[in-house]
Amino acid sequence: MNTLFRPRDERILAGVCAGLAWRFGLRPWTVRILFLLSCLLPGPQFLAYIVLWILMPSEQSRPANTQA
């Protein structure tokens with residue numbers, strides 16, 4: 001099972017949509033479009049995004065592969 005984190009590579013704003021896509025096996029653009037479409041409905045979508053931004057940990061830096 002993948003853990004939930006904000007990746008460093010595919011961020012546009014904060015990496016929340018990319019992190020959710022990574023966790024559930026979707027493409028980041030699919031999650032971003034779904035989020036934008038959900039903004040057409042009434043509700044606290046932006047508040048949920050900000051809360052996830054705060055609560056989701058950022059991806060740790062990957063150690064460099066040093067092979068001699």
Side-chain angles (χ1 to χ4, degrees):
M1 181 185 285
N2 295 335
T3 59
L4 190 58
F5 61 88
R6 295 181 294 122
R8 292 179 181 265
D9 297 340
E10 298 183 27
R11 287 185 182 183
I12 287 191
L13 181 60
V16 172
C17 290
L20 290 172
W22 181 275
R23 169 64 177 90
F24 294 109
L26 301 169
R27 292 183 177 179
W29 282 105
T30 304
V31 177
R32 290 178 185 126
I33 289 172
L34 289 173
F35 173 73
L36 289 175
L37 289 175
S38 76
C39 290
L40 298 174
L41 302 171
Q45 291 86 349
F46 290 112
L47 182 61
Y49 188 90
I50 291 170
V51 167
L52 285 173
W53 187 351
I54 293 168
L55 293 179
M56 284 175 64
S58 184
E59 179 181 33
Q60 299 299 321
S61 60
R62 297 178 187 154
N65 243 350
T66 56
Q67 294 179 353

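Position 1 is the first residue of the sequence, and the numbers go up from there.
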Apply side-chain hydrogen bond (donor to acceptor under 3.5 Å, both in side chains) to R27 and list each qualifying residue two or more places apart in sequence or on a separate chain. none
Please check: side-chain N/O of Q45 versus main-chain N/O of S38, any donor-acceptor pairing under 3.5 Å? yes
Is the ring pair Y49/F35 parallel, tilted or perpendicular, if the boundaries are 30 and 60 degrees? tilted
Shared hydrophobic cluster, L47 / I54 (ILVMFWY, side-chain heavy atoms < 4.5 Å): no
First locate atom CD of E59, then atom CZ of R6, and finally report the distance between them rounded to the nearest 0.5 Å. 10.5 Å
In Å and rounded to the nearest 0.5 Å, what is the CG to CD1 distance from L55 to I50? 12.0 Å
State, to 0.1 Å, how close C17 and R32 come at their nearest heavy-atom pair, and which atoms those are. CB-CG, 3.7 Å
Non-neighbouring partners of L52 that pass side-chain contact (heavy atoms from CB on, under 4.5 Å), sequence neighbours left out: V16, L20, M56
Given side chains that start at C-beta, do those of R23 and F5 come closer than 4.5 Å, heavy atoms only? no
Using modelled atom types and a 3.5 Å cut-off, is there a donor and acceptor pairing between side-chain atoms of E10 and backbone atoms of A18? no
Transitive ILVMFWY side-chain link L13 to L26, under 4.5 Å: yes
Could you list who else is in W29's hydrophobic cluster, with ILVMFWY side chains joined at under 4.5 Å, directly or through other members? I12
Path from V31 to L37 over hydrophobic side-chain contacts below 4.5 Å: no
